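To start, the structure itself, in structure tokens.
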Amino acid sequence: MINISFWSILWTVVNLLILFVAFRIFFFKPIANIIAKRQEEANEVYAKATAKENEANELAAEYEQKVAEAETEKKQIIADARKTADGQYQKIVAEAKANASEIKTAAATEANREKEQIIASAKKEIADIIVDATTKVVGGQTGAEVDSSLFDEFIGKAGE
């Protein structure tokens, strides 16, 4: 049979209280302190990680901003280069047109001069032929007046 005595229960309760106090002093407090220290370390690591993440985000934002600025600068440089190239193109085209116009004018002048020389040469040859022909027709009469009048008459008829 089970024998339950008051003193036995009392000593069991006292033993449990002593064990509870001993565990609390020697076991739970050090474990709680270790857990608190671990929690602080974890909090510090988390804070450092958060700080590093924020720093990385700031650096990424700064990098993106620099990339955007570089892109803008690149577009500006390209636009300036295109403007410069277009200006040079227009200048070259204008110079080429001016040179072409000068060459065309010079060629036209040269052509007119050569035409006039050819016409003058042709007139002289025609005049010589006419003089020879009239000399044969007139039969020997020669002179500046006869030559001139025959030449003028021939030119007048040839021009019609």
Side-chain angles (χ1 to χ4, degrees), residues 1-131 151-152 154-160:
M1 208 150 217
I2 299 180
N3 193 4
I4 300 177
S5 75
F6 174 74
W7 292 107
S8 173
I9 293 175
L10 181 69
W11 285 112
T12 304
V13 171
V14 169
N15 281 335
L16 284 174
L17 287 175
I18 291 172
L19 277 174
F20 176 72
V21 170
F23 275 141
R24 188 165 182 152
I25 290 172
F26 296 112
F27 187 65
F28 291 130
K29 276 191 178 180
I31 289 176
N33 288 339
I34 290 171
I35 290 174
K37 285 180 185 176
R38 292 283 184 163
Q39 185 64 42
E40 286 177 20
E41 289 175 5
N43 289 342
E44 287 178 20
V45 168
Y46 181 74
K48 286 180 183 177
T50 304
K52 291 286 185 181
E53 182 183 11
N54 289 339
E55 183 179 340
N57 288 338
E58 289 173 6
L59 289 174
E62 185 178 323
Y63 171 77
E64 290 295 326
Q65 182 182 4
K66 286 183 179 180
V67 167
E69 289 172 0
E71 186 68 26
T72 303
E73 186 177 344
K74 177 186 85 170
K75 288 179 182 178
Q76 184 63 36
I77 289 170
I78 289 172
D80 291 344
R82 283 185 180 159
K83 286 179 185 177
T84 303
D86 187 46
Q88 289 178 349
Y89 170 77
Q90 295 298 332
K91 182 180 176 183
I92 290 170
V93 167
E95 288 175 1
K97 285 181 180 179
N99 288 342
S101 176
E102 289 174 11
I103 291 170
K104 185 177 177 182
T105 303
T109 303
E110 182 67 23
N112 285 338
R113 188 181 58 78
E114 287 182 17
K115 177 182 169 187
E116 302 227 350
Q117 284 178 350
I118 291 171
I119 290 173
S121 173
K123 282 184 180 180
K124 184 177 183 219
E125 286 180 25
I126 291 172
D128 289 342
I129 292 171
I130 292 172
V131 167
F151 177 72
D152 288 339
F154 177 76
I155 293 295
K157 287 184 181 179
E160 293 175 359

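The figures here come from the full heavy-atom set of this structure, side chains too, leaving out hydrogens, waters and symmetry mates. Start at 1 with the first residue, then count along the sequence. Since the structure is predicted, the reported quantities are computational estimates derived from the model, not experimental observations.
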message = If you apply the rule salt bridge (Lys or Arg N to Asp or Glu O under 4.0 Å), what do you find for Glu44 with Lys48, and how did you get there?
response = CA-CA 6 Å; Glu44 287 178 20; Lys48 286 180 183 177; 5.1 Å; no
request  = Decide yes or no on side chain to side chain contact (heavy atoms under 4.5 Å, CB included) for Glu114 and Glu110, but give the supporting numbers first.
outcome  = CA-CA 6 Å; Glu114 287 182 17; Glu110 182 67 23; 3.1 Å; yes
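For Arg38, the CZ atom sits in a loose shell: 12 or fewer heavy atoms of surrounding residues, nucleotides or ligands are nearer than 6.0 Å. Within 6.0 Å of CD in Glu95 there are more than 12 heavy atoms belonging to other residues, nucleotides or ligands.
Atoms CZ and CD1, from Phe28 and Ile35 in turn, are 10.5 Å apart once rounded to the nearest 0.5 Å. Rounded to the nearest 0.5 Å, atoms CD (Glu64) and CG (Leu59) are 12.0 Å apart. For the atom pair CD (Gln65) and CD (Glu58), the distance works out to 12.0 Å, reported to the nearest 0.5 Å. With rounding to the nearest 0.5 Å, the separation of NZ in Lys52 from CD in Glu55 is 5.5 Å. Here NZ of Lys97 is found 13.0 Å from CG of Asn99. Values are rounded to the nearest 0.5 Å. Put simply, OG1 on Thr12 and CH2 on Trp7 are 12.5 Å apart, with the number rounded to the nearest 0.5 Å.
Not one N or O on the side chain of Asp86 forms a donor-acceptor pair closer than 3.5 Å with the backbone of Arg82. Formation of a donor-acceptor pair under 3.5 Å by the Thr72 side chain with backbone atoms of Ala68 is found in this model.
A side-chain N or O of Gln39 and one of Asn43 form a donor-acceptor pair less than 3.5 Å apart. For Asp80 and Gln76, the side-chain atoms include at least one donor-acceptor pair closer than 3.5 Å.
No salt bridge links Glu41 with Lys37; every basic N to acidic carboxylate O contact stays at or beyond 4.0 Å. We find that Glu71 and Lys74 are joined by a salt bridge, their nearest charged nitrogen and carboxylate oxygen being less than 4.0 Å apart.
Residues Ile25 and Lys29 have side chains not in contact (no heavy-atom distance under 4.5 Å, counting atoms from C-beta outward).
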